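Keep in mind that what you see is a predicted model, and the values were worked out from it rather than measured.
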Amino acid sequence: MAISSILGYPRIGVEREWKKSLEAFWAGKIDETTFQQQQQEIRLNHLQKQQKKGIELIPVNDFSHYDHILDTAVMLGIVPKRFQYQGGIVPLSIYYGMARGTKDATACEMTKWFNTNYHYIVPELSDADPVLTENRPLQAYREAKEKLGIEGKPVIVGPLTFLKLSKGYTVSETDAWLERLVPIYVQILRELENEGVTWVQIDEPIVVTKLPAADIDRLKKIYTTFAEAVPSLNVMLQTYFESIDNYLDIVSLPVEGIGLDLVHGLSVNLASIREHGFPSDKVLGAGVIDGRSIWRADLSEQYDVLHELISSVSHDRLIVQSSCSMLHVPVTKETETKLGADLLGALAFADEKLNELVLLTKAISQGANTVHDQLNAADEALGLLKSSEARNRHDVQKAVAVVSETEPQRNKPFEARHIDQQARWQLPMFPTTTIGSFPQTPEVRKARQFWRKGEWSNSQYNAFIREQIDTWVKLQHEIGIDVLVHGEFERTDMVEFFGEKLEGFAFTQNGWVQSYGSRCVKPPIIYGDVAFDVAMTVAETVYAQSQTDRPVKGMLTGPITIMNWSFVREDISREQVAYQLAYALRQEVEALEKAGIGMIQVDEPAVREGLPLKENEQANYLAWAVKAFKIATCTVQDTTQIHTHMCYCEFHDMIDSIEAMDADVISIETSRSHGELIHSFEEHTYRLGIGLGVYDIHSPRVPSVEEMSSMIDRACASSNRHGSGLTRIAA
């Protein structure tokens with residue numbers, strides 16, 4: 001009989017109790033013992049929930065105190081020397097120092113996890129001496145078995161993926177590093193085998209990217225070593241987020257199971273199985289429930305996929321599982337009481353996905369007739385939303401079709417606009433500004449809560465917001481900032497705020513997901529056609545501008561970032577969703593300009609996050625992403641300066657597309673990455689304006705003047721060599 005499993009469960013808890021525990025510990029409100037007790041309680045609750053739902057192969061060691069890649073690094077003793085690590089188990093003070101920085105040491109770099117909205121801490125290998133500090137998978141297995149009687153499936157990030165996601169080594173050192181890491185992995189696996197562990201999940205998502213032949217050979221060597229070292233331990237080599245290109249090579253590896261994404265990688269992976277079959281000596285982990293989507297699965301369709309697989313894989317060699325970890329979706333929809341019935345019925349968060357997996361496992365094992373009513377209910381729920389008025393706004397569809405027919409362009413090229421803008425603004429050689437948002441203090445949050453509960457009137461709340469703007473405009477003046485911002489005190493989240501004012505969006509009460517560390521976001525749901533309603537940012541921006549003779553930037557979130565940081569409808573293409581958002585934002589840009597705002601920042605930090613993992617799909621994505629940005633910004637006057645902002649991503653493989661966005665100024669992060677993002681601009685001629693983010697506001701550490709100056713000097717040198725447009729410095 002087939003069995004059910006998942007690849008990982010959300011860490012944060014129904015009420016974000018995980019986040020609250022972390023932040024209480026950081027603030028010194030609880031001691032380490034209490035913190036560890038709280039974390040264990042949360043962890044065990046998650047395992048018990050899966051057990052009660054009927055999941056048969058439950059993952060352990062998917063839980064983390066911050067990030068699973070950071071966990072792997074400290075388990076392997078890979079700690080940068082600046083944190084003064086003395087060996088042994090890495091203490092929480094160093095663990096969180098690596099994640100967040102300390103008074104004396106910069107935090108490790110943070111970057112996105114493949115093409116998701118999650119960010120991981122990048123391991124630094126340059127001065128590392130790897131050694132097993134503690135066997136975390138073994139500890140997690142023992143805890144689950146002793147506390148709950150669960151025979152868990154330990155989860156480990158595979159050595160090739162871990163190495164590929166690390167920094168501080170050259171390509172020529174790859175084999176040497178694997179020779180240092182693989183014996184430690186063998187030690188971990190042997191201890192699991194000796195403990196009596198049946199299955200271990202080794203995540204190798206790097207396999208879905210384009211791998212050179214040398215890496216395929218490395219995989220063969222790694223897993224042959226594992227097979228020889230732990231012959232009685234069943235290894236599930238787990239892939240996710242896409243299909244695998246080297247199908248025959250991967251399925252021939254000496255492992256007991258292969259996990260495939262049969263959602264995002266369905267067409268290619270299924271075609272490979274149809275053409276080549278599946279090894280008779282292996283178990284197939286069939287990822288048929290989307291671990292990244294909040295939409296209810298088309299269970300009839302997924303049943304058909306499983307039914308077809310049975311011709312290649314017998315029931316007893318099939319595991320029905322999620323396509324990836326459910327880290328990327330909210331915990332449960334049970335607490336959602338304000339969504340419309342049509343929308344709520346079409347949703348499935350992590351707990352509901354557990355039910356879907358159990359249902360599909362029963363269907364494929366005992367026959368679809370045993371769950372006939374449940375399959376029909378899923379079909380009906382999805383059909384109701386599809387036929388809703390919100391998804392059939394013909395006025396929106398027609399207008400967007402018109403604006404997307406041609407390539408949007410500014411009136412003049414950048415070189416000519418730049419002259420006009422300099423004449424208008426008379427800025428110094430190195431003008432200063434900030435990215436936009438200022439601290440959401442307890443007072444600000446409390447005021448918003450009073451207003452939303454109706455305890456404050458609109459006039460009371462607006463007066464409070466203006467007081468905040470007054471304070472911070474004055475502060476920026478005193479500091480000497482050249483281009484001001486109003487502070488965004490009226491906003492919650494940079495995506496949620498706009499979604500609340502646009503049509504076609506819905507909002508959950510508790511639909512939180514982890515972005516990085518304790519940073520949790522509540523992504524809006526784009527469930528219908530997106531349309532502009534009323535001006536969203538004009539009042540606050542114009543008020544701030546009335547308080548100063550210096551320019552105040554209008555602050556918007558770009559169409560691609562809104563889309564990539566939302567849960568998006570799946571009945572139309574993401575390209576069409578992006579154009580709908582862009583057209584709505586164009587109307588806001590025009591409203592700001594009409595109100596006298598001549599600098600408008602349209603942030604696109606998530607463009608890189610949406611880049612497809614498959615190289616043959618990337619050019620098309622970048623083309624329509626750039627087009628969406630230009631649809632939103634191209635209609636302004638030549639003297640209006642369009643800014644954008646990007647952070648925590650690599651630019652080298654999309655620098656041409658960034659330039660094609662034709663923003664007058666792009667702000668980039670250079671502090672946390674230790675200036676490495678400048679490298680992309682050093683290697684390419686970038687003719688537009690660049691703003692350097694020289695101060696990492698996510699770290700409690702204050703950088704020295706020398707550090708910031710060195711970033712600026714490096715960028716200036718690049719600008720002189722390549723003729724780049726270094727026009728401002730942004731903190």
Checklist entry - Is a donor on one side and an acceptor on the other found under 3.5 Å between the side chain of S518 and the backbone of K19? => result no
Checklist entry - CD1 of I258 to NZ of K282: how many Å apart, nearest 0.5 Å? => result 6.0 Å
Next on the checklist: In the structure I gave you, are the side-chain heavy atoms of Y247 and E275 within less than 4.5 Å of one another anywhere?
Outcome noted: no
Checklist entry - Does a donor on one side chain sit under 3.5 Å from an acceptor on the other, for Q514 and H119? => result no
Next on the checklist: Could you go through E204 and K164, starting from their C-alpha distance and side-chain angles, then the distance that decides it, and tell me whether this counts as salt bridge (charged side-chain N to carboxylate O under 4.0 Å, His left out)?
Outcome noted: CA-CA 10 Å; E204 291 283 14; K164 289 285 186 178; over 6 Å; no
Checklist entry - Side chains of E134 and Q139: is there a donor and an acceptor less than 3.5 Å apart? => result yes
Next on the checklist: Can you confirm whether Y9 sits close enough to R43 that some side-chain heavy atom of one is under 4.5 Å from a side-chain heavy atom of the other?
Outcome noted: no
Checklist entry - Pairs in or reaching into residues 92-112: which pass ring-ring contact (aromatic ring centres under 6.0 Å, His included), with residues at least two apart or in two chains? => result W26-Y96
Checklist entry - Would a 4.5 Å heavy-atom cut-off, applied to side chains only, mark P605 and M494 as touching? => result yes
Checklist entry - Are any of the side-chain heavy atoms of K153 and V200 separated by less than 4.5 Å? => result no
Checklist entry - Of the options D203, V235, I188, which is the one that meets I156 in a side chain to side chain contact (heavy atoms under 4.5 Å, CB included)? => result I188
Checklist entry - Y118 ring centre to R292 NZ or CZ under 6.0 Å, with the angle to the axis within 45°? => result no
Checklist entry - Is the backbone N or O of A663 less than 3.5 Å from a side-chain atom of T644, with the two atoms forming a donor-acceptor pair by type? => result no
Checklist entry - Heavy atoms, side chains only, cut-off 4.5 Å: are L622 and M654 in contact? => result yes
Checklist entry - For the atom pair CG (L178) and CG (D215), what is the distance rounded to the nearest 0.5 Å? => result 8.5 Å
Checklist entry - Can you tell me if Y120 uses its side chain to pair, donor with acceptor, with the backbone of L165 under 3.5 Å? => result yes
Item to check | Interatomic distance, M110 atom CE to I69 atom CD1 [nearest 0.5 angstrom] | outcome: 14.0 Å
Item to check | Euclidean distance, T225 OG1 relative to K220 NZ, rounded to 0.5 Å | outcome: 14.0 Å
Item to check | Stepwise side-chain contact (heavy atoms from CB on, under 4.5 Å) test for M326 and I6 | outcome: CA-CA 8 Å; M326 294 182 187; I6 66 171; 3.6 Å; yes
Checklist outcome for this item: In short, T116 meets W113 closest at the heavy-atom pair OG1-O, 2.8 Å
Checklist entry - Short question: side chain of N115, backbone of F241 - any donor-acceptor pair under 3.5 Å? => result no
Checklist entry - Short question: side chain of T561, backbone of T557 - any donor-acceptor pair under 3.5 Å? => result no
Checklist entry - For E604 and H645, does a side-chain donor sit closer than 3.5 Å to a side-chain acceptor? => result no
Checklist entry - Do any pairs count as a side chain to side chain donor-acceptor pair (under 3.5 Å) and have a residue in residues 616-629, sequence neighbours left out, and if so which ones? => result N564-Y621
Item to check | Nearest atoms (heavy-atom pairs only) where R180 meets P130 | outcome: NH2-CD, 3.3 Å
Next on the checklist: Between D127 and K81 (side chain of the first, backbone of the second, donor and acceptor by atom type, cut-off under 3.5 Å), is there such a pair?
Outcome noted: yes
Item to check | S323 (side chain) donor-acceptor with L262 (main chain) under 3.5 angstrom | outcome: no
Item to check | Separation between CG of D62 and CG of L7, rounded to the nearest 0.5 Å | outcome: 9.5 Å
Item to check | Check: W18 side chain, S64 main-chain N or O, donor-acceptor pair, under 3.5 Å | outcome: yes
Checklist entry - Is the closest side-chain heavy-atom distance between P123 and F162 below 4.5 Å? => result yes
Item to check | Gap separating the CD1 atom of I121 from the OH atom of Y66, nearest 0.5 angstrom | outcome: 4.5 Å
Checklist entry - Could you walk me through whether D71 and R136 pass the salt bridge (charged side-chain N to carboxylate O under 4.0 Å, His left out) check? => result CA-CA 8 Å; D71 292 349; R136 288 173 174 247; 3.6 Å; yes
Checklist entry - Are D245 and K614 close enough for a salt bridge, meaning some N to O gap below 4.0 Å? => result yes
Checklist entry - When you measure from the centre of the six-membered ring of F63, is the NZ or CZ of R11 under 6.0 Å away and within 45° of the axis? => result no
Item to check | Polar side chain donor-acceptor pair, Q201 to Q321, under 3.5 angstrom | outcome: no
Next on the checklist: If only side-chain N and O atoms count, and only distance matters, is there a donor-acceptor pair under 3.5 Å linking H68 with N61?
Outcome noted: no
Next on the checklist: For L70, is there any backbone N or O sitting under 3.5 Å from a side-chain donor or acceptor partner on D67?
Outcome noted: yes
Checklist entry - Got a sec, which residues hit ring-ring contact (aromatic ring centres under 6.0 Å, His included) with F226, two or more places apart in sequence or on another chain? => result Y223
Checklist entry - Do K210 and E615 pass the salt bridge (charged side-chain N to carboxylate O under 4.0 Å, His left out) test, and can you show the C-alpha distance, the side-chain angles, and the key distance before you say yes or no? => result CA-CA 8 Å; K210 185 177 181 180; E615 287 188 3; 3.7 Å; yes
Checklist entry - Is any side-chain heavy atom of L237 less than 4.5 Å from a side-chain heavy atom of I250? => result yes
Item to check | Exam field: side chain S293 to backbone D290, donor-acceptor pair closer than 3.5 Å | outcome: no
Checklist entry - Under 3.5 Å, is there a donor-acceptor pair linking the side chains of E609 and W565? => result yes
Checklist entry - Below 4.5 Å, heavy atoms only, C-beta onward: do R218 and D175 meet side chain to side chain? => result yes
